[in-house]
Amino acid sequence: MSDSSDDDIPLSKRSQQESRKRKLKVEKEESDFSDDEVPLKIRGKKAAAAAKNKSAPVAKKPKAEPSDDSHVSTAPVKKNGASNGKANGKVKAENGTAGAKSAKKRETKKGATPVDEDGKTEQEKEEEEAYKWWEAEQNDGTVKWTTLSHKGVLFPPPYEPLPKHVKMKYDGKPVDLPVAAEEVAGFFGAMLESDHAKNPVFQKNFFNDFKAVLKKAGGANVAIESFEKCDFTDMFNYFEEKRLEKKNMSAAEKKRIKAEKDKIEEEYKVCYLDGRKEVVGNFRIEPPGLFRGRGSHPKTGKLKSRVMPEQVTINIGAEAEVPKPPEGHEWAEVKHDNTVSWLATWKENINGATKYVFLAANSSLKGMSDFKKFEKARQLKNHIDDIRQDYRRELKDEKMVNRQRATAMYLIDVLALRAGGEKGEDEADTVGCCSLRYEHVTFKPPNIVVFDFLGKDSIRFYQEVKVDHQVYKNLKLFKRPPKREGDELFDRLDPPSLNKHLQNYMPGLTAKVFRTYNASKTMQDQLGKIPNKGTVNEKMVAFNAANRAVAILCNHQRTVSKSHEQSVGKIEDKILEIKFQRYRLKMQLAQLEPARKKKDPAYFERDAELTDEVIDKIIDNILTREREKIVKKVQRDNEKRAAEGETKLSEKEVEKETKEKLKAVSELEAVYAKEKKSSFKMPEVTVSSAEKVEQQIEKLNERITNTTLQLKDKEDNSTVALTTSKINYIDPRLTVMFSKKYSVPIEKLFSKTLREKFKWAIESADEKWVF
DNA sequence: CGCGGCACTTAGAATTGCCAGG
DNA sequence: CCTGGCAATTCTAAGTGCCGCG
């Protein structure tokens with residue numbers, strides 16, 4: 001086609017200019033871009049986020065080339081799957097009728113039998129819970145309910161002013177803030193030690209809104225103009241104090257408070273959908289606070305204002321009683337729309353986004369759509385071969401649009417990228433496939449592409465990928481001048497057009513289905529490799545490794561916890577200490593059976609890590625620990641004495657007893673000191689026979705293996721979040737299959753909440769189930 | 001046909017609860 | 001028995017995708 005050359009010029013001048021504009025701000029920084037670092041643009045924009053995702057660069061090995069065979073070879077499994085579950089077709093109860101029936105029953109029973117306050121017998125409760133939507137006929141999904149009743153939403157309590165002595169200070173002097181302004185200042189004060197509060201954008205946005213609220217409320221006794229002069233430490237300390245107070249409350253009191261809270265929530269947390277009791281997910285109106293935007297969100301720190309009933313729309317069955325708005329207030333609107341699943345909605349003031357109250361994850365509505373999601377993904381396996389064949393061919397299509405589409409499909413399929421819709425100026429700069437820009441890909445000949453961009457939630461995606469030759473060529477082509485930084489790679493493609501194309505293969509097929517499909521497919525393949533033997537614990541480790549493979553595919557990350565490094569250090573120390581003790585045992589063995597050492601000197605060699613300095617440190621650790629233990633024990637014993645009515649020891653007596661007991665540690669110290677003289681080669685022989693020493697060594701060996709494994713697992717998991725894929729991407733029937741086939745209790749694989757959410761899967765899949 | 005609104009899923013952080021190991 | 005650390009749960013931000021309107 002003749003258009004191929006000017007095809008390279010982006011279609012929309014306007015969008016190009018826009019993206020350039022966006023780019024300009026940071027252009028001057030761009031010159032010293034270095035290969036193994038976060039691109040400067042990103043660094044500048046979000047030092048914090050980039051830093052937290054430090055795991056990414058360089059170290060990552062390139063992904064295995066997704067050769068046609070490995071990836072595409074999936075033999076199309078014939079439509080067998082659904083027959084395993086009863087879900088398909090079997091009509092147990094006509095939809096709706098079942099619910100209506102049970103609702104009716106409740107009515108009659110209420111009248112006939114004297115029942116307790118909540119109006120139900122145990123039997124009835126069981127009946128309600130026994131409704132198995134997955135065994136009922138599926139409707140088309142546009143009508144979500146026929147009857148719906150609920151109690152509306154729970155508003156957060158009104159603001160409680162701080163005690164008079166707790167004040168923000170300005171320029172060192174306490175400020176009298178109007179209550180409304182004090183509340184906002186308190187929001188910041190409470191977060192003082194958080195990363196947010198240290199973020200200049202957060203500070204600026206907070207301060208602007210704070211000043212506005214202050215002004216509107218009539219101002220303070222001093223003019224507040226500079227954020228730097230504001231001191232929130234008193235507020236912070238006060239909240240901290242409160243928190244501690246709460247923590248130190250007696251168990252009984254805590255329980256009482258919890259019971260009180262539960263009582264208030266009780267009526268809100270359930271609703272009746274088609275007569276069946278269902279749990280409401282988030283009946284609580286979001287409390288006011290400071291907006292915690294992720295990554296470098298331009299609006300982070302802005303005041304999220306209090307939601308009033310007048311802003312809240314209620315959706316409820318026409319037959320049901322409308323919940324009362326709080327005294328003196330009214331709802332924005334009351335609707336009866338049974339094509340939607342929300343119970344209430346309001347608009348949030350920061351981004352104008354709509355918030356909803358939905359049912360909980362274990363509800364029938366959510367369950368059904370979850371089920372449909374996975375069934376749709378399963379269906380993809382019947383088309384995936386065709387799709388892959390087509391996009392591979394179209395990688396060379398003469399039409400630029402098709403080439404871009406094919407390349408995007410490759411990335412979505414192989415790298416599990418998200419669709420990547422358009423984003424606005426007032427949001428964090430994150431991208432997905434279709435919105436990838438010039439600066440997000442670089443090349444390493446002959447065929448490695450380096451992807452480095454921020455995806456959803458500003459999570460960094462960094463991968464050096466060996467790609468199909470044509471993909472490599474295409475991406476280079478998409479970067480050709482006049483394109484430059486800030487320009488979209490896929491300038492002729494957007495999610496709607498991509499999805500429209502996908503519908504040709506399969507109704508309902510969209511970009512996101514590939515993530516679900518590939519995640520579940522990967523899980524199935526990984527599970528398939530696990531040998532059906534060993535302990536439950538070993539099987540769990542293998543299962544988690546499979547889960548981890550999926551999480552890595554989907555780039556599900558988590559920030560390493562603050563304590564991570566410390567706890568890794570602790571485990572490492574523990575391993576060293578065991579090795580040291582093992583060495584001492586081996587030396588005892590050598591003394592007991594000198595011949596052994598002659599025969600196998602390597603066995604008796606000191607571990608390379610156990611340098612003299614390390615040993616000194618180990619001994620020091622041991623001694624300190626022992627001493628601390630004794631000090632604590634003496635004190636505890638003394639407390640006990642008091643508790644049992646005996647007279648407490650005086651401080652002096654305590655000191656004396658401690659000293660006495662510490663002698664044992666000093667003796668131990670002397671033993672080590674003596675052993676050190678022979679470089680620990682001649683420890684005192686404390687075990688009676690060589691055999692017993694060997695037994696002890698074996699025990700230590702086991703502990704070393706276990707602890708090392710535990711450490712590796714911890715490291716491997718430190719940046720990977722397993723739960724997201726478990727909750728959203730891995731067909732739960734795979735987990736159920738694994739549980740049954742490998743006899744691993746489902747409780748070990750799904751938490752209580754997940755078991756409720758995936759009840760449909762637990763009750764419908766068996767050990768032979770296939771995705 | 002493009003775009004803003006709407007409804008819903010997906011996501012990591014923050015908070016809470018629990019229990020193993022000192 | 002206590003409590004630190006981890007797992008579970010809660011919270012709400014940030015995506016996807018579709019639809020209706022001008």
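Within every chain, numbering begins at 1; the chains are lettered A, B, ... in the order of the sequence lines, protein sequences first and strands thereafter.
- For A:Thr430, the listed nucleotide lying nearest its side chain is C:dG15; candidates were C:dG17, C:dG15, C:dA13.
- In this structure, A:Asn499 reaches the C:dG17 phosphate: one of its side-chain N or O atoms is under 4.0 Å from OP1 or OP2.
- Between A:Lys372 and A:Glu375 there is no salt bridge, since no side-chain nitrogen of the basic residue lies less than 4.0 Å from a carboxylate oxygen of the acidic one.
- With distances taken from any side-chain atom of A:Val340 to the nucleotides B:dG12, B:dC8, B:dT10, the minimum falls on B:dC8.
- Heavy atoms of A:Gly293 sit under 4.0 angstrom from primed sugar atoms or phosphate atoms, though from no base atom.
- The 5' end of DNA chain C is approached more closely, in terms of each residue's nearest nucleotide, by A:Ile285 than by the other of A:Pro496 and A:Ile285.
- Comparing C:dG4, B:dA13, B:dT9 by their closest approach to the side chain of A:Lys570 singles out C:dG4.
- Residue A:Lys373 places none of its side-chain N or O atoms closer than 4.0 Å to OP1 or OP2 of B:dT9.
- Residue A:Lys258 is classed as a sugar-phosphate contact, given heavy-atom separations below 4.0 Å to backbone atoms only.
- Going from atom NZ of A:Lys752 over to atom P of B:dC19 covers 13 Å, rounded to whole Å.
- Between A:Thr724 and B:dG12 there is a side-chain N or O to OP1 or OP2 distance below 4.0 Å.
- At the heavy-atom level, A:Ala511 lies under 4.0 Å from the strands shown only through sugar-phosphate atoms.
- Contact check, A:Ser369 against B:dT9: a side-chain N or O comes under 4.0 Å of OP1 or OP2.
- Among the heavy atoms of the strands lying under 4.0 Å from A:Lys304 are primed sugar atoms or P, OP1, OP2 only; no base atom is included.
- Heavy atoms of A:Lys372 sit nowhere under 4.0 angstrom from any nucleic acid atom.
- As judged by a 4.0 angstrom heavy-atom cut-off over every strand, A:Gln503 is placed among residues touching the sugar-phosphate backbone only.
- The side chain of A:Phe291 sits closest to C:dA14 out of C:dG15, C:dA14, B:dC6.
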Between the protein and nucleotides 19-22 of chain C, list the N/O to N/O atom pairs that are separated by less than 3.5 angstrom.
none

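- Each of A:Lys748, A:Met523, A:Arg548 was compared with A:Phe543 under the side-chain contact (heavy atoms from CB on, under 4.5 Å) criterion, and only A:Met523 meets it.
- Within the 3.5 Å criterion, the main-chain N or O of A:Gly421 finds no donor-acceptor partner in the side chain of A:Asp494.
- Between A:Gly455 and A:Ser561, the one whose closest nucleotide on DNA chain C sits nearer the 5' end is A:Ser561.
- Contact annotation: A:Arg515 side-chain N/O to B:dA11 OP1/OP2 distance is under 4.0 Å.
- The existence of a salt bridge linking A:Lys570 and A:Asp573 is excluded, since no basic side-chain nitrogen approaches an acidic carboxylate oxygen closer than 4.0 Å.
- A donor and an acceptor atom sit less than 3.5 Å apart, one in the side chain of A:Lys456 and one in the base of B:dT10.
- A donor-acceptor contact shorter than 3.5 Å is absent between the side chain of A:Thr313 and the backbone of A:Val334.
- At least one donor-acceptor pair under 3.5 Å links the side chain of A:Asn499 to the backbone N or O of A:Ala511.
- Between A:Asp731 and A:Arg378, none of the side-chain N atoms (NZ, or NE/NH1/NH2) sits under 4.0 Å from a carboxylate O, so this pair counts as no salt bridge.
- Nearest to the side-chain atoms of A:His196 among the listed nucleotides B:dC6, B:dA14, C:dG15 stands B:dA14.
- Neither OP1 nor OP2 of C:dC11 sits under 4.0 Å from any side-chain N or O of A:Lys355.
- Across all strands, A:Lys254 comes closer than 4.0 Å to no nucleic acid atom at all (heavy-atom distances).
- Judged by distance alone, with hydrogens and angles left aside, the side-chain atoms of A:Lys254 form no donor-acceptor pair with the main-chain N or O of A:Asn248 at under 3.5 Å.
- For the pair A:Trp145 CH2 and B:dC8 C1', the interatomic distance rounds to 17 Å; values are reported in whole Å.
- Looking at heavy-atom distances under 4.0 Å, A:Gly432 makes no contact with the nucleic acid at all.
- No engagement by A:Thr723 is indicated, since no non-hydrogen atom pair under 4.0 Å with the nucleic acid exists.
- At C:dT3, none of the side-chain N or O atoms of A:Lys247 fall inside 4.0 Å of OP1 or OP2 (strictly under the cut-off).
- In this structure, A:Phe358 reaches the bases: a heavy-atom distance under 4.0 Å links it to at least one base atom across the strands shown.
- Between A:Tyr729 and B:dT9 there is no side-chain N or O to OP1 or OP2 distance below 4.0 Å.
- Looking at A:Trp145, its side chain does come within 3.5 Å of a backbone N or O of A:Val340 through a donor-acceptor pair.
- A:Lys144 comes within 4.0 angstrom of sugar-phosphate atoms only, judged by non-hydrogen atoms across all strands, and of no base.
- Residues A:Ser341 and A:His556 each lie close to DNA chain B; by heavy-atom proximity, the contact nearer the 5' end of the strand is made by A:Ser341.
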